[in-house]
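Data block below; observations after.
Keep in mind that the numbers below use all heavy atoms, side chains included, and drop hydrogens, waters and symmetry copies. Convention: sequence-line order gives letters A, B, ...; per-chain numbering from 1. These numbers were taken from a predicted model, which means no experiment stands behind them.
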Number of protein chains: 2
Amino acid sequence: MGVTKRADAQRNIAAILAAATECLSRNPAASTSEIAKEAGVGRVTLYGHFPSRAELVDAVFVHAIEVGEQSLSQVGLTGDPREALARLVESSWHLVDRYAALLVAALDTLPPGRVRELHADPMARVEKLLERGRSEGVFRSDLPVSWLVSVMHNVMHGAAGEIQAGRLSSGEAAGYITATLLAAFTPPGERVT
Amino acid sequence: MGVTKRADAQRNIAAILAAATECLSRNPAASTSEIAKEAGVGRVTLYGHFPSRAELVDAVFVHAIEVGEQSLSQVGLTGDPREALARLVESSWHLVDRYAALLVAALDTLPPGRVRELHADPMARVEKLLERGRSEGVFRSDLPVSWLVSVMHNVMHGAAGEIQAGRLSSGEAAGYITATLLAAFTPPGERVT
DNA sequence: CTCTTGTCGAACACCACTGTTCGAGTTACG
DNA sequence: CGTAACTCGAACAGTGGTGTTCGACAAGAG
């Protein structure tokens, strides 16, 4: 069939995707030359497979989300919502830590809203858990769920920033984040665990 | 004396500073042409007063910090640490809301560490209040102060992002932020106010 | 083995920006 | 009023990226 790519082309596409993930994770502003070099491929070849830098970034980001979803979908969300949240944060944190710079690249390359659009699934997971925790009275209901989600994102990305600046170690981060969020989500009048 | 600038030069410098604040607050990547035009001044004149775009950004940022300090220094920090924090957040939030984009400009223009360096005073104020709250047992002591400060910053800047994205109104923000931070800073075992 | 598909490097056009230079004109200041 | 300080537009050089074109060449598919 005419649609199938040749074997070496497929290999190169994979190599470019991997190299782009690597480069953009180090430097969100990495150029196509850098990425092509890292992939062991000519710049022309790169443009042969991805029409523009933006579309490459998009592809890389989509792939990262898929990998993340695979990991996140294995986290059990039943039982005590607080413990479930701790598990979810633990898993999410590893992804944020790994892909923080990639997110920056996507944020200032892709059209506005695109990043959020691709985050729909992971966000829905968090929202659902928060909703359940609220109905069981262990998470606060005096603030919108969307705000709580935003707080979670910002605390995690803030932690990634602290690590990059060398003011926090990867090991400590997860504990700090969960402790902070569990307290932040506690309903007024209740005791912080 | 030879050091004094001519009157029109001083006016232009002020106009450039104001225009830069305005432009960079709208678009962190604003060019020198844009800024000069907004100031009603030729690009050459701009370079006559500021050796480079970076030094202009630095000057604008320094000025913004000074203005902020003036406002922050009037916040009373005595009494119940929780109420003091609420007051401090209220004031800080107005500044963050106004200068969020400017911070981005500074962050990716100025040398690493410069922004933090200029934030030394406002940060010291927050740290001092947090320390006092800890010693009085109303803020948690199981996490480093530096982490708590980072959480405060990230929650506020996250709120600014939500506003820019149109998912949050300026009016609601301050309340959400204080409610979130007061809970997050509550010591484990204590009740959230 | 043949032919299509893909690859490569070098060169090119293009763009938007920074920072500089020039010379002529204008404005404050003493 | 005279001079030094300042301003202006236009034009220039330099930089660092994106995306394209070319022609020679290699490699996989049938």
As a test of reading the structure: which of [options] is closest to the side chain of [X], going by heavy atoms?
| X | options | answer |
| --- | --- | --- |
| A:Asp8 | D:dT18, D:dC6, D:dG28 | D:dG28 |
| B:Tyr47 | C:dC8, D:dA27, C:dT20 | C:dT20 |
| B:Ser31 | D:dC22, C:dC22, C:dC17 | C:dC17 |
| B:His49 | C:dG6, D:dT7, C:dC8 | D:dT7 |
| B:Val41 | D:dG28, D:dC8, D:dT18 | D:dC8 |
| A:Arg53 | D:dG28, D:dT18, C:dT18 | D:dT18 |
| A:Thr32 | D:dT18, C:dG6, D:dT7 | D:dT18 |

[N] [atom2] sits how many Å from [X] [atom1], rounded?
| X | N | atom1 | atom2 | result |
| --- | --- | --- | --- | --- |
| B:Ile16 | D:dC6 | CD1 | P | 13 Å |
| A:Asn27 | D:dG16 | CG | C1' | 14 Å |
| B:Leu46 | D:dG9 | CG | C1' | 15 Å |
| A:Lys5 | D:dA27 | NZ | P | 19 Å |

Check ion pair A:Glu38-A:Arg26 (N to O, under 4.0 angstrom):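 Here A:Glu38 pairs with A:Arg26 in a salt bridge, since their nearest N and O are under 4.0 Å apart.
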
I'd like to check [X] versus [Y] (side-chain heavy atoms, cut-off strictly below 4.5 Å). Are they in contact?
| X | Y | value |
| --- | --- | --- |
| B:Arg114 | B:Val62 | yes |
| A:Asn12 | A:Thr45 | yes |
| B:Arg11 | B:Asp8 | yes |
| A:Ile177 | B:Trp147 | yes |

Considering every strand and a 4.0 Å limit on heavy-atom distances, what is the contact class for B:Arg6: base, sugar-phosphate, or nothing? base

Along DNA chain D (nearest heavy atom to each residue), the more 5'-positioned of A:Pro51 and A:Ala29: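 Checking each residue's closest nucleotide, the 5'-ward one belongs to A:Ala29.
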
Start at the 5' end of DNA chain C and walk down; is the nucleotide closest to B:Ser33 or to B:Ala7 reached first?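 The 5'-side residue here is B:Ser33.
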
Judged by nearest nucleotide, the residue sitting upstream toward the 5' end of DNA chain C, B:Glu34 or A:Val44, is A:Val44

Would you indicate, yes or no, if D:dT7 has its OP1 or OP2 atom less than 4.0 angstrom from a side-chain nitrogen or oxygen of B:Asn12? yes

Quiz question: going by heavy-atom distance under 3.5 Å, is there a donor-acceptor pair between the base of C:dG19 and the side chain of B:Arg43? yes

